[in-house]
Amino acid sequence: MYASLFEKHEHKRALPDLEGAENGVVMRFAPNPSGPLHIGHARAAVLNDAYVKQYGGRYILRIEDTDPKRVDPEAYETVREDSAWLGLGITETVTQSDRLPLYYDLCRQLIERGGAYVCTCDNDRFRELKMAKTACPCRGQAVEKNLELWEKMLDHTFREGEVSVRVRTDLNHPDPAMRDFPAFRILDSPPHPQVQAHVYPLMNFSVVADDHLLGVTHVIRGKDHIANTRRQRFIYDHFGWNVPVYRHYGRMGIEGVVLSTSQMRLGIREGTYTGWDDIRLGTLRALARRGISPDAVRNAVLAIGIGETDISFSWDNLYAENRKIVDPVANRYFFVPDPVTAQIEGARPHTAHALLHPNDASRGNRTLECTGTVLVPKSEINRDVSMLRLKDLFNVTIAWDGTPPSFTYTGDSLADARAAKAPIIQWLPAQDCVPCTLLTQEGEIYGACEPAVKQELGKVVQFERVGFAKIDAVSDDGVMAYFTHR
RNA sequence: GCUGCUAUAGUGUAGUCCGGCCAAUCAUGCGGGCCUUUCACGCCCGCGACUGGGGUUCGAAUCCCCAUAGCAGCACCA
């Protein structure tokens with residue numbers, strides 16, 4: 001199922017080859033369970049996914065929840081749902097908080113190998129020493145002493161902030177970030193929602209442990225991890241493990257939406273946003289609600305690729321991808337924004353038959369009964385126009401002999417309208433239409449649409465001459481739709 | 001400040017490793033036209049870039065040096 005889809009993309013946009021991937025790969029997508037996935041996550045998720053699909057292998061969803069401060073209990077499920085929406089070919093899911101004993105065991109081994117020591121120095125003090133390239137007193141402790149202290153960490157002898165496990169690296173390393181970085185710390189609060197613990201690995205340790213244990217062969221991640229990759233290298237070397245192949249893509253600037261989880265959460269709590277799928281947010285749920293297809297997100301992200309340069313995400317490109325997907329399937333309807341009522345003199349009852357899709361007559365058509373009074377967009381009625389063509393219906397002249405202007409039927413001929421260069425506009429029978437609110441990122445547009453739109457709940461339609469819209473809710477009061485894009 | 005990375009049109013991207021086939025690819029965007037009872041789709045035409053300066057070479061987007069700009073990291077976050 002995915003194969004055919006993928007080949008279609010692969011035909012046009014091949015990702016660069018990964019070295020050592022010929023016999024298949026094991027890759028992973030490793031988000032924090034702190035909230036729903038957003039476009040930034042989608043890049044990591046889709047890129048890794050694409051390579052697994054290209055070379056074959058396993059794709060691990062690894063939920064990285066080793067900092068209880070950054071865990072939202074609901075996000076475990078949210079992350080899975082969003083991953084599924086994106087169409088990721090996840091073959092297995094692991095959660096780091098389930099694996100604490102594994103990390104503890106490896107930590108003991110690392111200490112035994114002399115690759116780590118337990119440090120009881122004050123944080124600021126250690127920092128000073130680190131900057132001065134000098135060893136702290138703990139660094140010279142015997143392995144036995146370190147093991148003893150490690151046991152005391154585990155048995156609650158120490159409290160938060162009093163002790164940490166450090167990886168022995170190179171104190172003379174030119175980059176201070178490399179020097180004896182921490183691997184474990186104690187966190188007494190808040191409690192972890194998933195597990196009872198107080199000793200937690202830092203990301204650099206748990207990532208190495210899991211990448212090794214799970215057999216990860218290739219890692220594609222953002223360049224904010226370049227320093228971590230170098231740090232993690234020290235741990236691999238202590239254990240003598242094989243290092244995966246890494247690729248670091250550049251920073252992606254995304255304008256116009258909120259991406260910060262804390263900002264989103266705050267806004268939702270305060271009522272600024274309606275929820276995680278508020279269309280002003282950059283979450284995948286928000287995109288879905290607006291009618292962006294997951295394949296459009298995939299294609300847009302794959303087109304960006306794994307370049308190391310910093311880029312700005314292009315909504316235009318995403319919309320173009322989405323339009324390719326949605327245009328062939330979206331039914332067309334009339335939506336009249338900011339409507340004015342026009343009574344048309346001399347109009348006998350007409351029935352309009354408009355195609356549901358202009359390029360596919362087999363989909364059938366919709367019928368609109370005009371009895372003489374119609375709704376038209378206010379923006380189309382101005383003194384520059386003397387004649388209008390109501391699309392699929394007939395022609396009307398406008399006379400500005402008073403306020404409001406008067407409308408008169410002037411025949412059915414499309415050719416006449418063309419000759420007069422009359423604008424062809426959408427309209428609705430005044431007696432047979434429903435209120436419709438179109439929600440855009442800029443604000444709400446009030447109007448009316450065809451009653452048949454109610455049957456498109458959950459789908460993307462095209463409001464002719466307005467743009468694509470996702471039908472979000474229908475009720476006796478009318479229709480709520482989200483503007484997707486033009 | 002220290003450590004490192006990157007630099008092709010408005011945006012994204014190909015080409016850079018192994019210099020000539022690149023007066024630079026594709027997509028998107030924008031402008032114009034055709035088609036069309038939508039300002040959608042489709043088709044055609046056009047606009048638009050190798051950060052700057054040196055050097056090597058018969059020849060440089062591609063190699064070297066310098067400059068500039070941007071970014072990342074320097075957390076008991078991931």
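Below, all heavy atoms of this structure are taken into account, side chains as well, without hydrogens, waters or symmetry copies. Just so we're on the same page: letters track the sequence lines, and every chain starts at 1.
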Novice: Check every strand shown and say whether A/Gly161 touches a base, only sugar-phosphate, or nothing at a heavy-atom separation below 4.0 Å.
Specialist: base
Novice: With a 4.0 Å cut-off on heavy atoms, is A/Glu380 in touch with a base, just the backbone sugar-phosphate, or nothing at all?
Specialist: base
Novice: Look at all strands and tell whether A/Asn359 reaches a base, only sugar-phosphate, or nothing, counting heavy atoms closer than 4.0 Å.
Specialist: base
Novice: When you check the side-chain N and O atoms of A/Gln232 and A/Asn204, is any donor under 3.5 Å from an acceptor?
Specialist: yes
Novice: Checking contacts here: which listed nucleotide (B/C41, B/A78, B/U38) is nearest the side-chain heavy atoms of A/Asp327?
Specialist: B/C41
Novice: Please work out if A/Phe468 contacts a base, only the sugar-phosphate, or nothing of the nucleic acid, heavy-atom cut-off 4.0 Å.
Specialist: sugar-phosphate
Novice: Considering only B/C2, B/C39, B/U13, which nucleotide approaches the side chain of A/Arg465 most closely?
Specialist: B/C39
Novice: Answer yes or no: are there more than 12 heavy-atom neighbours, outside A/Glu19 itself, under 6.0 Å from its atom CD?
Specialist: no
Novice: For A/Pro328, which contact category applies under a 4.0 Å heavy-atom criterion: base, sugar-phosphate, or nothing?
Specialist: nothing
Novice: If I pick the C1' atom on B/U16 and the same atom on B/C34, what distance separates them, to the nearest angstrom?
Specialist: 40 Å
Novice: Any strand counts, and the cut-off is 3.5 Å on both contacts for Watson-Crick or G-U wobble. Which nucleotide pairs with B/A72?
Specialist: B/U3
Novice: Salt bridge check: are A/Asp49 and A/Arg298 linked by an N-O gap of less than 4.0 Å?
Specialist: yes
Novice: Select one nucleotide: of B/G29, B/C71, B/A75, the one nearest the side-chain heavy atoms of A/Arg127.
Specialist: B/A75
Novice: Using a cut-off of strictly less than 4.0 Å, decide whether A/Arg251 has a side-chain nitrogen or oxygen near OP1 or OP2 of B/U6.
Specialist: no
Novice: At less than 4.0 Å, is any side-chain N or O atom of A/Asn317 found next to OP1 or OP2 of B/A27? Yes or no.
Specialist: no
Novice: With respect to A/Asp180, which candidate in A/Lys130, A/Arg139, A/His173 satisfies the side-chain hydrogen bond (donor to acceptor under 3.5 Å, both in side chains) definition?
Specialist: A/Arg139
Novice: According to the Watson-Crick and G-U wobble definitions, with both distances under 3.5 Å, which nucleotide is paired to B/C43?
Specialist: B/G33
Novice: Around atom CD of A/Glu74, are there more than 12 heavy atoms of other residues, nucleotides or ligands at under 6.0 Å?
Specialist: no
Novice: Name the closest nucleotide to the A/Thr309 side chain, picking from B/U28, B/A40, B/U8.
Specialist: B/U8
Novice: At 4.0 Å (heavy atoms only), tell me whether A/Leu414 reaches a base, stays on the sugar-phosphate, or touches nothing.
Specialist: base
Novice: Which nucleotide, in any strand shown, forms a Watson-Crick or G-U wobble pair with B/G52, with both distances under 3.5 Å?
Specialist: B/C66
Novice: Specify the separation, in whole Å, of atom CG of A/Leu393 and atom P of B/U38.
Specialist: 14 Å
Novice: Output the single nucleotide from B/C76, B/A72, B/G12 whose closest atom is nearest the side chain of A/Pro182.
Specialist: B/C76
Novice: In terms of side-chain heavy atoms of A/Lys223, which of B/U28, B/U37, B/A72 is nearest?
Specialist: B/A72
Novice: Under 4.0 Å between any heavy atoms, over every strand shown, what does A/Arg332 touch: base, sugar-phosphate, or nothing? Just pick one.
Specialist: base
Novice: Mind checking A/Asn204 for me? I need base, sugar-phosphate or nothing, with any heavy atom below 4.0 Å counting as a touch.
Specialist: nothing
Novice: Side chains of A/His41 and A/Asp82: any donor to acceptor distance under 3.5 Å?
Specialist: no
Novice: With a 3.5 angstrom cut-off on both distances, give the Watson-Crick or G-U wobble partner of B/C22, or none if there isn't one.
Specialist: none
Novice: Considering every strand shown, what is the Watson-Crick or G-U wobble mate of B/U57 when both distances are under 3.5 Å?
Specialist: none
Novice: Does A/Arg70 reach a base, just sugar-phosphate, or nothing at all? Heavy atoms under 4.0 Å.
Specialist: base
Novice: Under 3.5 Å for both donor-acceptor distances, Watson-Crick or wobble: does B/U16 have a partner, and if so which one?
Specialist: none
Novice: Counting only side-chain heavy atoms from C-beta out, which of B/C77, B/G29, B/C5 sits nearest to A/Lys69?
Specialist: B/C77
Novice: Return whichever of A/Arg486 or A/Phe313 has its heavy-atom-nearest nucleotide of RNA chain B closer to the 5' end.
Specialist: A/Phe313
Novice: I need the CZ-C1' distance between A/Arg230 and B/A72, as an integer number of Å.
Specialist: 9 Å
Novice: Report the nucleotide, chosen from B/A75, B/C71, B/U37, that has the shortest atom-to-atom distance to any side-chain atom of A/Asp310.
Specialist: B/C71
Novice: For the pair A/Tyr51 and A/His218, evaluate ring-ring contact (aromatic ring centres under 6.0 Å, His included) and give the outcome as yes or no after the intermediate values.
Specialist: CA-CA 9 Å; A/Tyr51 275 118; A/His218 296 75; 8.1 Å; no
Novice: A/Ile304 side chain: which of B/U38, B/A78, B/U13 is closest?
Specialist: B/U13
Novice: With sugar-phosphate meaning primed atoms plus P, OP1 and OP2, does A/Asn32 contact a base, only sugar-phosphate, or nothing at under 4.0 Å between heavy atoms?
Specialist: sugar-phosphate
Novice: Could you identify the nucleotide paired to B/A9, looking across every strand shown and requiring Watson-Crick or G-U wobble geometry with both distances under 3.5 Å?
Specialist: none
Novice: For A/His248, answer base if it contacts any base atom (sugar-phosphate contacts may also be present), sugar-phosphate if it contacts only those atoms, and nothing otherwise; contact means non-hydrogen atoms under 4.0 Å.
Specialist: nothing
Novice: Contact class for A/Thr66 vs. all strands (heavy atom < 4.0 Å): base, sugar-phosphate, or nothing?
Specialist: sugar-phosphate
Novice: Among B/C71, B/A40, B/U28, which nucleotide sits nearest the side chain of A/Gln462?
Specialist: B/A40
Novice: Indicate yes or no: does A/Arg332 engage A/Asp327 in a salt bridge with an N to O separation below 4.0 Å.
Specialist: yes
Novice: OP1, OP2 of B/G29 versus side-chain N and O of A/Arg323: anything below 4.0 Å?
Specialist: yes
Novice: Between A/Pro174 and A/Ala320, just flag the one whose closest nucleotide in RNA chain B comes earlier from the 5' side.
Specialist: A/Pro174
